[in-house]
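Since the structure comes first, as structure tokens, the remarks are kept for the end.
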Number of protein chains: 2
Amino acid sequence: MTSVASAASVSAAPASAGPVPASVAPARTPARAERLRCDAARNRERVLAAALELYREHGGAFTVEEVASRAGVGIGTVYRRFPTKNALLDELARPFFEQLLTTAQAAYAHPEPAERLEMFIRAMAEQHATDGVRSGRLWDTAVARPLRDEYVRTLELILADARASGRVRADVGPYDVGVVVWSVTGLIDATQHAAPVIWRRYLDLLVDGLRPGGERPLATRPVTQSDWEQLVSASPVLRLG
Amino acid sequence: MTSVASAASVSAAPASAGPVPASVAPARTPARAERLRCDAARNRERVLAAALELYREHGGAFTVEEVASRAGVGIGTVYRRFPTKNALLDELARPFFEQLLTTAQAAYAHPEPAERLEMFIRAMAEQHATDGVRSGRLWDTAVARPLRDEYVRTLELILADARASGRVRADVGPYDVGVVVWSVTGLIDATQHAAPVIWRRYLDLLVDGLRPGGERPLATRPVTQSDWEQLVSASPVLRLG
DNA sequence: ACGGAAGCGGAAGACGATTCCGGTTGTCGT
DNA sequence: ACGACAACCGGAATCGTCTTCCGCTTCCGT
């Protein structure tokens, strides 16, 4: 009832140790039992392609039946492969999500350590704005967990650089940065169609706000990992229901 | 199909001119034609009370049928009074929304002009956190428009004080502040239940970011009123549909 | 070529918002 | 006090969607 078959496919990857986390382990060819029959695999791709097309056209406001018919399959076929409409949408966001990690690592690879944090934040926002697939829900998915850990590890390294260079106030932690990025992506989602540039201005304000020099201490304890996890799992629930 | 009956009730209010905008004109007793029959009025209150109760219990995740049965009326009765479930929810948010304007005016009344802007931003967030009714959708409502104008006018006055006192960078406009407040309320909505204090820390970051002293100019033009209007009308649409 | 697991299509079911309508009840003029 | 009638009422029916179910079909391994 719960698991997407491929969710377990990364479990065997050895934990990477280097400063720059290794990129995601390439998906090994699935074992006999978990491979789809070839017609099934073909249909799965068709469904995904149709869904992506519809997503780009109508941004999530489409029917499962539309997906099925555009893919040339029956509704039942869609549901055999994706237990729920949300699961289907999550699957659309996955490549985008994986790209996020790459982007984070690229920021960490920036030659000037002092610039890495700002680079990171801006790159995250930029990617979100460019791709346009809402991925917030995905952070709480089984597939995402291993990626997420690497993401946070990378962010911590970046933050250490920024701190060492005096480019960030000392009382800011990685999950604080997470919240900041989240807020920007929320703004991007809300404004992108109507006013595609607002978010950059807002981001500038945020980045400036991260500079050292504030006299007052921040009001509360740092955001913790647990805070962050609850935030991402709660974030889809933003309106009536 | 569109209008809530009372939407026109403020149209006769004279435009206020003083530096502190006059408080909202008290709703005059509705004319003969627009007064509800007394049983209808009673039912309306019951529905509203039931809805508020359910809202506090389940945060929007309840059925119109539940509202009706808790109020002891039929579904049809709910729908005669509120054309749509969203309209009902908006009505719940209205008193809260009107309170916002009062809060803004209170901030402007702060004895120390230099403190008014920060006071304003913090008070807005605090009220949002305290009341807990999502009101974003309401900003785009017919009832809200006159209030909104006064709200913006007050904010402009506050901003002028802040600028005169050197407490805000010169390139920040009222709608920039609007975006900032919006982002905080979004964070509040998303985190309040799980981690009730995160937003204060984030707000501190934002406030510090508004201080003068940033060397770089902001990347894009100021947020305009039109930007803002599109933002608020689009913001409920944050997920699939 | 054959047996059967894995797939397939699409009808049926579940759920919630919204609409409709025949019967009921305050209100107002007389 | 009374009658007429517009405004109300309740809740069954409708509609749009997601999700489940099931009898029939098609690939895969032997």
Side-chain angles (χ1 to χ4, degrees), chain A residues 1-6 29-48 50-51 54-55 58-92 137 236 239-241, chain B residues 1-6 29-48 50-51 54-55 58-92 137 236 239-241:
Chain A
M1 186 175 285
T2 56
S3 61
V4 174
S6 54
T29 305
R32 173 100 29 113
E34 56 193 72
R35 184 165 62 231
L36 292 177
R37 230 166 68 174
C38 86
D39 56 341
R42 179 165 28 82
N43 281 339
R44 185 177 191 283
E45 292 314 311
R46 282 184 187 168
V47 167
L48 236 25
L54 284 166
Y55 187 92
H58 306 110
F62 55 82
T63 302
V64 175
E65 199 167 331
E66 287 178 290
V67 176
S69 87
R70 186 171 304 202
V73 304
I75 297 186
T77 302
V78 175
Y79 272 94
R80 178 179 338 292
R81 218 48 69 198
F82 307 97
T84 200
K85 186 184 178 184
N86 275 351
L88 173 56
L89 291 174
D90 285 349
E91 207 58 31
L92 290 187
R137 196 171 49 247
R239 55 168 195 170
L240 30 134
Chain B
M1 189 172 285
T2 55
S3 61
V4 174
S6 54
T29 304
R32 177 97 29 113
E34 56 193 71
R35 183 165 64 227
L36 292 178
R37 228 167 68 173
C38 86
D39 57 340
R42 181 164 27 83
N43 281 339
R44 185 176 191 281
E45 291 315 310
R46 281 184 186 168
V47 167
L48 236 26
L54 284 165
Y55 188 93
H58 307 110
F62 55 82
T63 302
V64 175
E65 199 167 330
E66 289 178 289
V67 176
S69 88
R70 186 171 303 203
V73 303
I75 297 185
T77 301
V78 176
Y79 272 94
R80 176 175 353 285
R81 218 47 70 198
F82 306 98
T84 203
K85 186 183 179 185
N86 275 352
L88 174 55
L89 291 174
D90 285 349
E91 206 57 33
L92 290 186
R137 194 172 48 244
R239 54 167 196 173
L240 31 134

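Per chain, numbering begins at 1; letters A, B, ... match sequence-line order.
Using a 4.5 Å heavy-atom cutoff, the side chains of A:Arg81 and A:Val47 are not in contact. Here the side chains of A:Glu66 and A:Arg70 are not in contact, with every heavy-atom distance at 4.5 Å or above.
At whole-Å resolution of the value, CG in B:Leu89 and P in C:dA17 are 10 Å apart. With rounding to whole Å, B:Phe82 atom CZ is found 15 Å from D:dC8 atom C1'. What separates CG of A:Asn86 from C1' of D:dT19 is a distance of 13 Å, to the nearest Å. A straight line from CG of B:Leu36 to C1' of C:dT27 spans 14 Å, rounded to a whole angstrom. Summarising the geometry, the separation between CG on B:Asp39 and P on C:dC28 is reported as 12 Å, rounded to the nearest angstrom. Per the geometry, CD belonging to B:Glu65 stands 15 Å off P belonging to C:dA14, to the nearest Å. Straight-line distance from the CZ atom of A:Arg81 to the C1' atom of D:dC18: 19 Å, rounded to whole Å. The interatomic distance linking B:Arg35 (CZ) with C:dT27 (P) rounds to 9 Å, in whole Å.
When distances are taken from the side chain of B:Asn43 to each of D:dC9, C:dG9, C:dT18, the shortest belongs to D:dC9. Minimum atom distance to the side chain of A:Tyr79 is reached by D:dT20, of the listed D:dT20, D:dG10, C:dT18. In this structure, of C:dA17, D:dG11, C:dG9, it is C:dG9 that holds the atom nearest to the side chain of A:Val73. Considering only side-chain atoms of B:Thr63, the nucleotide from C:dG7, C:dG16, D:dT17 that sits closest is C:dG16. Each of D:dC9, C:dG7, C:dT27 was ranked by its minimum atom distance to the side chain of A:Arg37; first place goes to C:dG7. The side chain of A:Ile75 sits closest to D:dT19 out of D:dT19, C:dC8, C:dT25.
In this structure, the separation between CZ on B:Arg80 and CZ on B:Arg44 is 13.5 Å, given to the nearest 0.5 Å. Separating the CG atom in B:Leu36 from the CG atom in B:Asn43 is a distance of 10.0 Å, to the nearest 0.5 Å.
Looking only at distances, a side-chain donor or acceptor of B:Lys85 sits under 3.5 Å from a matching main-chain atom of B:Phe62.
For B:Thr84 and C:dA17, the shortest distance from a side-chain N or O to OP1 or OP2 is not below 4.0 Å.
Of the two residues contacting DNA chain C, namely B:Val64 and A:Gly76, the nearest-nucleotide position lying further toward the 5' end is that of A:Gly76.
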